[in-house]
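Numbers for residues simply follow the sequence, beginning at 1. Only a predicted model underlies this, so the values are computations on that prediction, with no experimental measurement involved.
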Amino acid sequence: MSTKEKIQEEIDVLEQETNQHEIVLHNDDVNTFDFVIDSLIDVCEHTLEQAEQCAMLVHYKGKCTVKSGEFKDLEPRCSKLLHLGLSAELV
């Protein structure tokens, strides 16, 4: 195997690993902190601390990535967040 082939193979593997999607939660003026925290624990399997930190980031920064991974895993989670009345998108 030549050096060029080996480098290309390594690049291909890195590209596959970085082909991740994210659920981004956006701030709204409707849902309470407690509701957002409970929803993140339920839907995204966050710990209490993770959910609290994400809720604070969403509130002060306007948005926060709350989960990353493969599309097939994130799509139903994002749909559930939307169904609960949260403002989320899958990117």
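Side-chain contact check for F33 versus M56: some heavy-atom pair is nearer than 4.5 Å. Contact of the C54 side chain with the V36 side chain is not registered, since no non-hydrogen atoms from C-beta on lie closer than 4.5 Å.
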task: Go through the steps for S87 and V30 under the test side-chain contact (heavy atoms from CB on, under 4.5 Å), then give the verdict.
output: CA-CA 10 Å; S87 179; V30 179; over 6 Å; no

side-chain contact (heavy atoms from CB on, under 4.5 Å) between E75 and H21, intermediate numbers included: CA-CA 10 Å; E75 185 180 28; H21 296 274; over 6 Å; no

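Note: the hydrophobic cluster containing L40 also contains F35 (ILVMFWY, side chain heavy atoms under 4.5 Å, direct or indirect links). Cluster membership for L25 and I37, using ILVMFWY side-chain heavy atoms within less than 4.5 angstrom, is not shared. Both L84 and V58 belong to a common hydrophobic cluster when Ile, Leu, Val, Met, Phe, Trp and Tyr are linked at side-chain heavy-atom distances under 4.5 angstrom. V24 and L57 fall into different hydrophobic clusters, where Ile, Leu, Val, Met, Phe, Trp and Tyr are joined by side-chain heavy atoms under 4.5 Å apart, directly or via other members.
Counting all heavy atoms, side chain and backbone alike, I41 lies closest to A51 at CG1-CB, 3.8 Å. Here the shortest heavy-atom pairing between E22 and L74 reads N-CD1, 3.8 Å. What you find for H59 and N27 is that their closest heavy atoms are O-ND2, 3.7 Å. The minimum heavy-atom distance linking F71 with L90 is given by the pair CE1-CD2, 3.2 Å. Taking each heavy atom of A88 and I23 in turn, the nearest pair found is CB-CG2, 4.2 Å. Between C78 and E89 the shortest heavy-atom distance is SG-C, 3.9 Å.
Taking OG1 from T65 and CD from Q20, the interatomic distance works out to 12.0 Å, rounded to the nearest 0.5 Å.
Here the side chain of H46 pairs a donor or acceptor atom with the backbone of V66 at under 3.5 angstrom.
In this structure, K80 pairs ionically with D42, as a charged nitrogen and a carboxylate oxygen lie closer than 4.0 Å.
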